[in-house]
Amino acid sequence: MGKEKNSLHNLRIWIRNIKKGVTIFLILLPTILVCLPIILLVTGSVMSSGELEQHLGTVFYDGAEFVSWKIVPDYPTFGNYGKLLFMSPQFFVLFWNSVKMVGCILAGQLIVGVPAAWAFAVYQVRGRRALFALYVVLMLLPFQVTMLSSYLVLNRLAMLNTQAAVVLPAVFATLPVFLTYGGFRAIPAQLFEAARIDGAEEWRIFCGIGLPLGKSGLLSTLVLGFLEYWNMMEQPMAFLEDKSLWPLSLYLPEITWEQAGFAFTASIITLIPAVFVFIWGQDYLEQGIIFSGLKE
């Protein structure tokens, strides 16, 4: 009996370990698949031209062989980084374009979207629900649906081929209103009523109660906005003809096996600000998702 109990106990432990191992594998597999392209970018950015030609030559020479790759280069070099950072002024022009456009978009969304979200969340006026539902519907429309109408309006305003053509439509986007609205709705209404009883004006309630307590929704809006507009491609391609006005997301040299390492390096540098903002704001993103699920 003792041996049977020990055997049964060992079998249970073995089954438990197998389940644990399968669970870990299922968790790690998506992580590896997500991180693998970034690893390949980092590896390619420090490969020499000879290694890149060896691995990617079949793509550019119409060869019949499969593409090969190495996680660790045989002869790593940082020459591509030096070329990009010290010998490519166009890269910094486009980098500054991205900084200007993303900064103006986020500032404009705060000025326009935050008061709108506050009005939807706090003031019980007739038609509020219907208008907010319209905002949600507009939020679901992809850029391809509104591109033609936006193009016609911007053309009438003589704003095409200017950075304002990219900034202005994004300032009036509905997603910031939706996310910020959830943060304001999470504030107990009794606080507002108590402040009004004490004689506080509406703008003081907004600045003294709404903004501090609803900052999680605001910050999640800023993080999501930065990630979206730092990587935008369709809007500048549709509204900007002059390449000197393009953002960094459209910076890509002519790709040959000689320029492949340079392209990998440009992708890595472009990715760094987005990764930094995501790491800094991931907690606020989670809170913003929670607020967006709050019911009326």
Using atom types as modelled and distance alone, determine if a side-chain donor or acceptor of [X] lies under 3.5 Å from a backbone N or O of [Y].
X	Y	value
Asn231	Ser249	no
Asp198	Ala200	no
Ser98	Leu248	yes
Glu51	Pro73	no
Gln109	Ala170	yes
Ser88	Lys83	yes
Thr180	Val177	no

Please say which of Leu94, Thr270, Asn97, Ile269 ends up in a side-chain contact (heavy atoms from CB on, under 4.5 Å) with Tyr251.
Leu94
Under 4.0 Å between a side-chain nitrogen and a carboxylate oxygen: does that hold for Glu201 and Arg204?
no
For residues [X] and [Y], report the shortest heavy-atom separation together with the two atoms involved.
X	Y	result
Pro169	Leu154	CG-CD1, 4.2 Å
Pro236	Trp246	O-NE1, 4.1 Å
Val223	Gly281	CG2-CA, 3.9 Å
Ile105	Met232	CD1-CE, 4.3 Å

State whether the number of non-hydrogen atoms from other residues, nucleotides or ligands found under 6.0 Å of [X] atom [atom1] is greater than 12.
X	atom1	result
Glu202	CD	yes
Phe92	CZ	yes
Tyr123	OH	yes
Met139	CE	yes
Phe143	CZ	yes

Is it the case that one hydrophobic cluster holds both [X] and [Y], taking links as side-chain heavy atoms less than 4.5 Å apart, direct or via other members?
X	Y	value
Leu224	Leu141	yes
Ile24	Val22	no
Val137	Tyr181	no
Phe78	Ile71	yes
Val99	Ile272	yes

Close side-chain approach of [X] to [Y], heavy-atom, < 4.5 Å:
X	Y	answer
Leu106	Thr221	no
Val93	Pro89	no
Met159	Val153	no
Phe184	Phe206	yes
Phe239	Ser150	yes
Gln163	Lys100	yes
Asn161	Leu245	yes
Phe120	Tyr135	yes

Checking Leu152 against Met147 for the side chain to side chain contact (heavy atoms under 4.5 Å, CB included) test, could you report, in this order, the C-alpha distance in whole Å, the side-chain angles of both residues, the deciding distance, and whether it holds?
CA-CA 9 Å; Leu152 295 176; Met147 179 177 64; over 6 Å; no
Working to the nearest 0.5 angstrom, can you tell me the gap between [X] [atom1] and [Y] [atom2]?
X	Y	atom1	atom2	answer
Leu250	Gln235	CG	CD	10.0 Å
Lys215	Leu222	NZ	CG	13.0 Å
Leu240	Thr162	CG	OG1	7.5 Å
Leu41	Leu36	CG	CG	10.0 Å
Phe264	Asn80	CZ	CG	10.0 Å
Phe91	Leu85	CZ	CG	6.5 Å

If we count only N and O atoms by modelled type, under 3.5 Å, do the side chains of Thr77 and Ser48 hold a donor and an acceptor together?
no
For Leu191 and Leu213, run side chain to side chain contact (heavy atoms under 4.5 Å, CB included): C-alpha distance rounded to whole Å, both residues' side-chain angles, the deciding distance at 0.1 Å, then the answer.
CA-CA 11 Å; Leu191 290 178; Leu213 296 182; 3.6 Å; yes
Would Leu218 and Leu211 count as a side chain to side chain contact (heavy atoms under 4.5 Å, CB included) here? Give the steps.
CA-CA 8 Å; Leu218 296 175; Leu211 292 181; 3.8 Å; yes
Residues 151-171 vs ring-ring contact (aromatic ring centres under 6.0 Å, His included), sequence neighbours excluded, gives none
Once you measure the plane-to-plane angle for Trp230 and Phe226, does it fall in the parallel (<30°), tilted (30-60°) or perpendicular (>60°) bin?
parallel
